[in-house]
Novice: 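Quick one: this structure, given as structure tokens, is what I'll be asking you about.
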Amino acid sequence: MLEKTFDPKTAEPRLYEAWEQSGLFSPRDDASAAPFSIVIPPPNVTGSLHIGHALNNTLQDVLTRFHRMKGDAALWLPGMDHAGIATQMVVERQLAAEGNVGRRDMGREAFVERVWAWKAESGGTITRQLRRLGASCDWSRERFTLDEGLSAAVRKVFVTLYKQGLIYRDKRLVNWDPQFQTAISDLEVEQREVDGNYWHFAYPLEDGSGEIVVATTRPETMLGDTAVAVHPDDERYKALVGKNVRLPVTGRLVPIVADEYADPEKGSGAVKITPAHDFNDFQVGKRHGLEAINILTPDAKLNDSVPEALRGMDRFAARKAIVAQAEEEGWLREIEKTRHMVPHGDRSGVVIEPYLTDQWYVDAHTLSLPAIKAVEEGATVFEPRHWEKTYFEWLRNIEPWCISRQLWWGHRIPAWFDADGNIYVEETEQAARAAAGGKEISQDEDVLDTWFSSGLWPFSTLGWPEETADLKRFYPTSVLVTGFDIIFFWVARMMMLGLHFMGEVPFRKVFINALVRDASGAKMSKSKGNVMDPLELVDEFGADALRFTLTAMSGQGRDIKLQKQRIEGYRNFGTKLWNAARFCQMNECVRDPSFDPAGAKQTVNRWIRGEALETSLEVTAALEACAFDDAANALYRFVWNVFCDWYLELAKPILSGDDEAAKAETRHTAAWTLDVALKLLHPVMPFITEELWDKTAEFGPKPDGLLIAAAWPALPDSYADPAAEAEIEWLTGLIGEVRAVRSEMNVPPSARPLLTLSGANDDSRARLSRHRDLIVSLGRLGDVQEAQAAPQGAVPFVAGEATAALAIAQFVDLAGERARLDKEIAGHDAEIDRNTRKLDNPDFLARAKEAVVEETREKLQEAQGAKAKLQAALARLASLE
RNA sequence: GGACGCGUAGCUCAGCGGGAGAGCACGCCCUUCACACGGGCGGGGUCGUAGGUUCAAUCCCUACCGCGUCCACCA
């Protein structure tokens, strides 16, 4: 006998173990099977499972399990990202906490060794956590962005792009993170709104004839000013162009130049130019041949190009010092409060400085063209579609991608320099040496942006540059499931690099999943303390409940506001399913492999067979379309509202009756339907379904193998049975009405009133006699009879073409009954009115589709018929008074 | 400043051209032999506002109001 509830705590690890042992996570080896592949968005090796991962990976697992059951060669390829900055940060912090020497004192080699040691020990927590979620990844194919194969792929890609002129070295301003002391890409810069000031400074003209006022939010940059710009058409300043101003503090002379960048509308119309520390000023400087004076050290302190008193001062201290000096010396004209956006490093959180350095760049513009075209032409389709606009928007305005990082943890750039500054870019040091012709060379100290290696993920993980069988079979991958926050970082880069190196898109479809937020819609973050730990939720409700919740709420695109209540509700759903199985067990509803539902004779069995067909079609279509919520809702409805609420209830009289043939058929049908439900539910709720699949063997024939590998239901269309459907609809409608009347009239549960049916046609008479027992038991009636007219004092209601009446005179008060009838009639009146108006409108008759007109007529008739019956009842009621 | 998305029952959301729906919450009833993590019944909505298109608009178009997100913007 099954327990009353499913116990996820003990069952889940056991079931996962069984799956993993079975080898079924690997794609089947059948050459005729259609390939289906997904590469996981590789979580950071430092990471642990958060709710966003839970959603993202649940959806991937749903798809993988679905396709596996459909018989496809389904591959879900897992792996992790080395996460350059994030990981280096974790280990550096750990070193600090342990009171160890910092990485610089340790030296590069020792530090990198230390990171690897950390990875071996505590990295990859997340892959264990994915198992708890039920992820059916092929762990035998697990990859890491820094493993040997992927590193070879990275080197090959770098060298190839360099030789094609698509990677180059350039000296220009980069976004410099003073904490990590590395360049970062535009995408890693986060604009944050902060309070600040515009300080208006007066720069005196060299010739003493006056001053020119400029404003800045960063006073310290004036130490690097090399010009003041005014608009060429600005009458106020025309005469000053070509003159010099003497910068306060440094006393340096800089020219006043005419440049259209200066906006006469802003501030005084004159703007200070600091080419080495501002992206716009850098361009102005180039146009006018201005010197770019770098005033900062890599950790954002003032360097030796500033007056001695200021050297070594932190940038923010320097800002104060400059302002203080301006105030004291009288060239501070105004302080204007403002709120403005300031760039911060997304990892470090410190203010980013534009900084002049040599870095490596990818010609992203050239690579973007095929990537744009592929999506325009539909070779890759986004789902929901509107994300394509976001993708295009970014790619069409793409800037060169800075890929070098001044870090130690990552792929070392395969470039070597000789003493003369010549560059040798090769896949190996030997090759570089050979190219250098024996000259002394040393490798570039920098590593590559983490996203450079993740950009190769869809093909590097499949074995590229080797021409492996996997690569051939599984590239392009079928679908990528990811969050919109990394469309630029990752999706676009994979598109560019995949197309360039494979000549084919990396994935046919990109499914953008929602962002999980807390119940009030706020982004979950540790600092807000509103994070929901998926593992705690799994502990509390089981993995299936969490998975079902995330699947059901993953309506395309939108934010998911996760409430615990919801998860609890779907845990209850699992219990409902469990108890349905328990009921089947108690009633000896055993699986019979030779049973063919096509031969079912009982109406309920023919009906549930059709419902199973319909649900299987709905779920299949929904999963094909990544409409996960539709799939979940269809399953929920089928299991609870159809199978449990009606089918099992309707089956009870048969199962406890004497008609042995009907009983046997119903037992088999119930078991068959439960099996269909288990299969359809398995992708979303793998644990409980697998457990039931196995447990049902305790009271019936053992199923053939594990449910994870069972064939996806492909039921014949002939299972649909409109006649049975109509009959059950009639039956459940009638029972529903009886219950409603009882409830409204406060008929006590113990009362067993008589139900009569008058004015019934042959169909209804036949149905009545076939389902008499059901109507009696589910309606808690004394009996059901046909009658000429409703008995005295019985409460009537409409049952199709007939009038039904419940003999509960003793519970009825006339006023209440009159009110009930009035209300019903009013409802029909509204219907009659609406449809009459339509049909009286010649334009409607002329222009609406014939089917719509016909439907309107039918509705009108139906409402009129129902109204007539109720009016008759009302008249009878009046005659009693 | 540019772009995208969203405003439907108390809450969270589905529906997106011809009958306003689900789950939860709420109210009443039920220790009915699978399940109280349950069963039955019910109340609750001018589908953001104003125009337009249409025989017909929650659904399409326009404007506006409100909310959210991304990109750009450190004179």
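So you know, we letter chains A, B, ... as the sequences are listed, proteins then strands, and number each from 1.
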Novice: Provide, to the nearest angstrom, the distance between the CD1 atom belonging to A/Ile832 and the P atom belonging to B/G19.
Specialist: 16 Å
Novice: With the side chain of A/His386 defined as its heavy atoms from C-beta on, choose the nearest nucleotide among B/C73, B/C4, B/A75.
Specialist: B/C4
Novice: By nearest atom, which of the nucleotides B/U12, B/C55, B/A75 is closest to the A/Ala848 side chain?
Specialist: B/C55
Novice: Looking at A/Lys564 and A/Glu540, does any basic side-chain N land under 4.0 Å from a carboxylate oxygen?
Specialist: yes
Novice: Mind checking if A/Thr390 touches a base, just sugar-phosphate, or nothing, with heavy atoms under 4.0 Å?
Specialist: nothing
Novice: Could you tell me whether A/Asn587 contacts a base, only the sugar-phosphate backbone, or nothing, with contacts defined as non-hydrogen atoms closer than 4.0 Å?
Specialist: nothing
Novice: Let me spell it out: for each of A/Asn746 and A/Arg780, pick the nucleotide of RNA chain B with the closest heavy atom. Which residue's pick is nearer the 5' end?
Specialist: A/Asn746
Novice: Mind checking the C1' distance from B/G18 to B/G23? Whole angstroms is fine.
Specialist: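 Taking atom C1' in both B/G18 and B/G23, they lie 28 Å apart.
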Novice: So which atom in A/Leu755 and which in A/Leu806 form the shortest heavy-atom distance, rounded to 0.1 Å?
Specialist: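 A/Leu755 and A/Leu806 have their closest heavy atoms at CD1-CD1, 3.9 Å.
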Novice: Distance between the C1' atoms of B/C47 and B/C60, in whole angstroms?
Specialist: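 Going atom to atom, C1' in each nucleotide, I get 16 Å.
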Novice: Describe the nucleic acid contact of A/Ala846 in one word from base, sugar-phosphate, nothing, applying a heavy-atom distance below 4.0 Å.
Specialist: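 Result for A/Ala846 = nothing.
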Novice: Base, sugar-phosphate, or nothing: which does A/Val214 touch, judged by heavy atoms less than 4.0 Å apart?
Specialist: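 Result for A/Val214 = nothing.
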Novice: Could you encode protein contacts along nucleotides 35-45 of chain B as a string, one character per nucleotide from 5' to 3', using B for base contact, S for sugar-phosphate-only contact and - for no contact, with a heavy-atom cut-off of under 4.0 Å?
Specialist: BSBSSSSSS--
Novice: Rounding to an integer number of angstrom, what distance separates B/G2 and B/C73 when you compare their C1' atoms?
Specialist: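 About 11 Å, rounded to a whole number of Å.
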Novice: If I pick the C1' atom on B/G39 and the same atom on B/U31, what distance separates them, to the nearest angstrom?
Specialist: 12 Å
Novice: Between A/Lys652 and A/Glu649, is there a salt bridge with N-O shorter than 4.0 Å?
Specialist: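 Looking at A/Glu649 and A/Lys652, the cut-off is met.
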Novice: Are the charged groups of A/Glu190 and A/Arg192 less than 4.0 angstrom apart, N to O?
Specialist: yes
Novice: Does A/Pro343 reach a base, just sugar-phosphate, or nothing at all? Heavy atoms under 4.0 Å.
Specialist: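 Base contact - A/Pro343 has a heavy atom under 4.0 Å of at least one base atom.
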Novice: Could you give the distance separating B/U58 and B/G51 at their P atoms, to the nearest angstrom?
Specialist: 14 Å
Novice: Taking salt bridge (charged side-chain N to carboxylate O under 4.0 Å, His left out) as the cut-off, I'd like each qualifying pair that reaches into residues 838-852 of chain A, sequence neighbours left out, listed once.
Specialist: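 The answer is none; no pair qualifies.
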Novice: I want to know whether A/Trp176 and A/Tyr355 have ring centres closer than 6.0 Å.
Specialist: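 Yes, the ring of A/Trp176 comes within the 6.0 Å limit of the ring of A/Tyr355, centre to centre.
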Novice: Is A/Phe279 touching bases, backbone alone, or none of the nucleic acid, heavy atoms closer than 4.0 Å?
Specialist: nothing
Novice: Between A/Asp259 and A/Arg287, does any NZ, NE, NH1 or NH2 come within less than 4.0 Å of an OD or OE carboxylate oxygen?
Specialist: yes
Novice: To the nearest Å, give me how far apart CG (A/Leu839) and P (B/G18) are.
Specialist: 17 Å
Novice: Roughly how many Å apart are B/G38 and B/G19, using the C1' atom of each and rounding to a whole number?
Specialist: 32 Å
Novice: Quick check for you: among B/C73, B/G23, B/A20, whose closest atom lies nearest to any side-chain atom of A/Arg834?
Specialist: B/A20
Novice: If every non-hydrogen atom of A/Glu220 is compared with every non-hydrogen atom of A/Ala318, which pair is closest and at what distance?
Specialist: CB-CB, 4.1 Å
Novice: Could you state the atom-to-atom distance from CD1 of A/Ile512 to P of B/G5 in whole Å?
Specialist: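 Rounded to the whole Å, the gap is 14 Å.
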Novice: Touch check for A/Leu778, heavy atoms < 4.0 angstrom, all strands: base, sugar-phosphate only, or nothing?
Specialist: nothing
Novice: Do you know the tightest heavy-atom contact between A/Gly224 and A/Pro275?
Specialist: O-CD, 4.1 Å
Novice: Pick the P atom in B/A9 and in B/C29, then give their distance to the nearest Å.
Specialist: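 It works out to 29 Å between them.
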Novice: What are the two closest heavy atoms between A/Ala276 and A/Leu173, and how far apart are they?
Specialist: O-CD2, 3.2 Å
Novice: Of all the nucleotides listed (B/C30, B/A34, B/C73), which has the minimum atom distance to the side chain of A/Ala580?
Specialist: B/A34
Novice: Specify the separation, in whole Å, of atom CZ of A/Phe844 and atom P of B/A56.
Specialist: 11 Å
Novice: Provide, to the nearest angstrom, the distance between the OH atom belonging to A/Tyr636 and the P atom belonging to B/G21.
Specialist: 19 Å
Novice: Mind checking A/Lys389 for me? I need base, sugar-phosphate or nothing, with any heavy atom below 4.0 Å counting as a touch.
Specialist: sugar-phosphate
Novice: Provide the closest heavy-atom pair for A/Pro264 versus A/Ala262 in the form atom of the first, atom of the second, distance.
Specialist: CD-O, 3.4 Å
Novice: Between A/Pro354 and A/Trp394, which is nearer to the 5' end of RNA chain B once each is assigned its nearest nucleotide?
Specialist: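 Upstream on the strand: A/Trp394.
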Novice: For RNA chain B, which consecutive runs of 3 or more Watson-Crick or G-U pairs (each distance under 3.5 Å) count as stems?
Specialist: B:1-7 with B:65-71, B:10-13 with B:21-24, B:26-30 with B:38-42, B:48-52 with B:60-64
Novice: What is the distance, rounded to the nearest whole Å, between atom NZ of A/Lys849 and atom C1' of B/U54?
Specialist: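 Checked: the NZ to C1' distance equals 13 Å.
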Novice: When we call it a touch if two heavy atoms are under 4.0 Å apart, what does A/Glu855 touch: a base, just sugar-phosphate, or nothing?
Specialist: nothing
Novice: Centroid-to-centroid, A/Tyr570 to A/Tyr636, below 6.0 Å?
Specialist: yes
Novice: Can you tell me, in whole Å, how much space there is between the C1' of B/U12 and that of B/C4?
Specialist: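 Roughly 23 Å separates the two C1' atoms.
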Novice: Separation of A/Asn397 atom CG from B/A72 atom P, in whole Å?
Specialist: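 Going from CG in A/Asn397 over to P in B/A72 covers 10 Å.
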Novice: Measure from CG on A/Asn641 to C1' on B/G23 and round the result to the nearest Å.
Specialist: 10 Å
